[in-house]
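Worksheet: the structure to be examined is printed underneath.
All chains are named by letter (A, B, ...) in the order of the sequence lines, taking the proteins before the strands, and each is independently numbered beginning at 1. None of these values were measured; they are calculated from a predicted model.
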Protein chains: 2
Amino acid sequence: MSISSRFAVGVHILTLLEVNKGGVNSSEFIAGSVNTNPAVIRKIMGMLKKSGLINVRPGIAGADLAKDLSMITLLDVYKAVNVVQEKELFSIHENPNPECPVGRNIQDTIGPLFSSAETAMEKALGNVTIADVVKDISKKEKLNTV
Amino acid sequence: MSISSRFAVGVHILTLLEVNKGGVNSSEFIAGSVNTNPAVIRKIMGMLKKSGLINVRPGIAGADLAKDLSMITLLDVYKAVNVVQEKELFSIHENPNPECPVGRNIQDTIGPLFSSAETAMEKALGNVTIADVVKDISKKEKLNTV
DNA sequence: TTGAAATGTAATCAATTTGATTACAAGTGT
DNA sequence: ACACTTGTAATCAAATTGATTACATTTCAA
């Protein structure tokens, strides 16, 4: 299984808010860039808003970043869109046999190990910001334009 | 979404093969410890076998480890049970708008970033072996027995 | 103040995945 | 020959995803 593309879309949205900050970033406009339904965008924007990453208001078209580009990490987005619940990247089978030495301990033993791996992944996400994403896209655009 | 418990069950199986290496580790016995259906165990064992982690033969009851405990990492198990396809821990939305600067570059930009995070996670899994798991369970058992 | 336009949010739907279950062919040893 | 086990496919309910539709609520301008 893969982690929901809601995460990638969240990054897309934030990036677009910056790149198109001169224009009106309505859910419909963003949906056109992402290529999905405006309602999907609004749902994700609601999550980004709830986490304090963007400003959006009912009735008013458009949204913008609530923080500096360089202060928003991919981890912030990842957490915001709830693609994985805390400590649940890896699921562990429930109700193993308590009468078996392995069964009665396996959960407590691998739980922390799985958490460490999950944390390592999150740490990597925390080292990248939306500013980095915008910068990379700018670089790619310049190369394509030459 | 969470990664399939097939991974956790895979670790459980390998651990049990060691802890109960004196006995006959049939799919039925293992299923009793994991608390699931024998067919589920056989399917996972088939994957572990295909990756060279265990020995199992048709018609012959039981299985055993094909390598030294300390030479089997959680990453080996993770790869063996196919819970996540290569470079696909994070899914990225398809068909973003090619007429938008963000849309036409977002995939190539976040792809490598997501891969790095995925690799960080895998590296953490690679640092732990089944021997470590067995050792931890032994420790817990001794504490419980006192 | 009326109406157009946008956000917020819920409900529904098809597609996909998971784990459980059943069934049975094929291999093995007594 | 027979009992037992593995290998494997098919089926099924439950859960999740993303798309879609619908509509209440909010805002602002005419």
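B:Met47 places its CE atom 12 Å from the C1' atom of C:dG19, with the value rounded to the nearest Å. Protein atom CD1 of A:Ile44 is 15 Å distant from nucleotide atom P of C:dT9, rounded to whole Å. Whole-Å rounding puts the B:Ile60 CD1 to D:dT5 P distance at 13 Å. Distance, B:Phe7 CZ to C:dG19 C1': 18 Å, rounded to whole Å. We find that CD1 of B:Ile41 is positioned 13 Å from C1' of D:dT6, with the value rounded to whole Å. The nearest whole Å value for the distance from the CG atom in A:Asn25 to the P atom in C:dA6 is 13 Å. One atom, NE2 of A:His93, and another, P of C:dG19, lie 11 Å apart when rounded to the nearest Å. For B:Arg42 and C:dA23, the CZ to C1' distance is 11 Å, given to the nearest whole Å.
Listed pair B:Thr36 / C:dA20 meets the phosphate criterion, a side-chain N or O lying under 4.0 Å from OP1 or OP2. For C:dA6, neither phosphate oxygen OP1 nor OP2 lies less than 4.0 angstrom from any side-chain nitrogen or oxygen of A:Ser27. Taking only side-chain nitrogens and oxygens, B:Ser4 never comes nearer than 4.0 Å to OP1 or OP2 of C:dT17. Residue B:Lys49 has a polar side-chain atom (N or O) positioned under 4.0 Å from OP1 or OP2 of D:dG7.
Few gaps surround NZ on B:Lys67; more than 12 heavy atoms of other groups in view lie less than 6.0 Å from it.
Closest contact between the side chain of A:Pro58 and the listed nucleotides D:dG18, C:dG8, D:dT5 involves C:dG8. Each of C:dT9, D:dT5, C:dA20 was ranked by its minimum atom distance to the side chain of A:Ala39; first place goes to C:dT9. Distances were taken from every side-chain heavy atom of B:Arg6 (C-beta onward) to each of C:dG19, C:dA6, C:dT9; the shortest belongs to C:dG19.
A:Asn20 and A:Asn25 are linked by a side-chain donor-acceptor pair at a separation below 3.5 angstrom, with hydrogens and angles left out of the test.
Nucleic acid contact for A:Ala61: sugar-phosphate only, since backbone atoms but no base atoms lie under 4.0 Å from a heavy atom of the residue.
Nearest-nucleotide mapping onto DNA chain C: of B:Val83 and B:Asn37, the residue sitting toward the 5' end is B:Val83. Each of A:Gly59 and B:Met45 lies near DNA chain D, and the nucleotide nearest B:Met45 is the one positioned closer to the 5' end.
The side chain to side chain contact (heavy atoms under 4.5 Å, CB included) with B:Phe7 is formed by just one residue from the set B:Leu74, B:Val84, B:Asn82; it is B:Leu74.
Using a 4.5 Å cut-off on side-chain heavy atoms (C-beta onward), B:Ile72 and B:Leu14 make contact. Residues B:Thr109 and A:Lys140 form a side-chain contact, since some pair of their non-hydrogen atoms from C-beta on lies under 4.5 Å apart.
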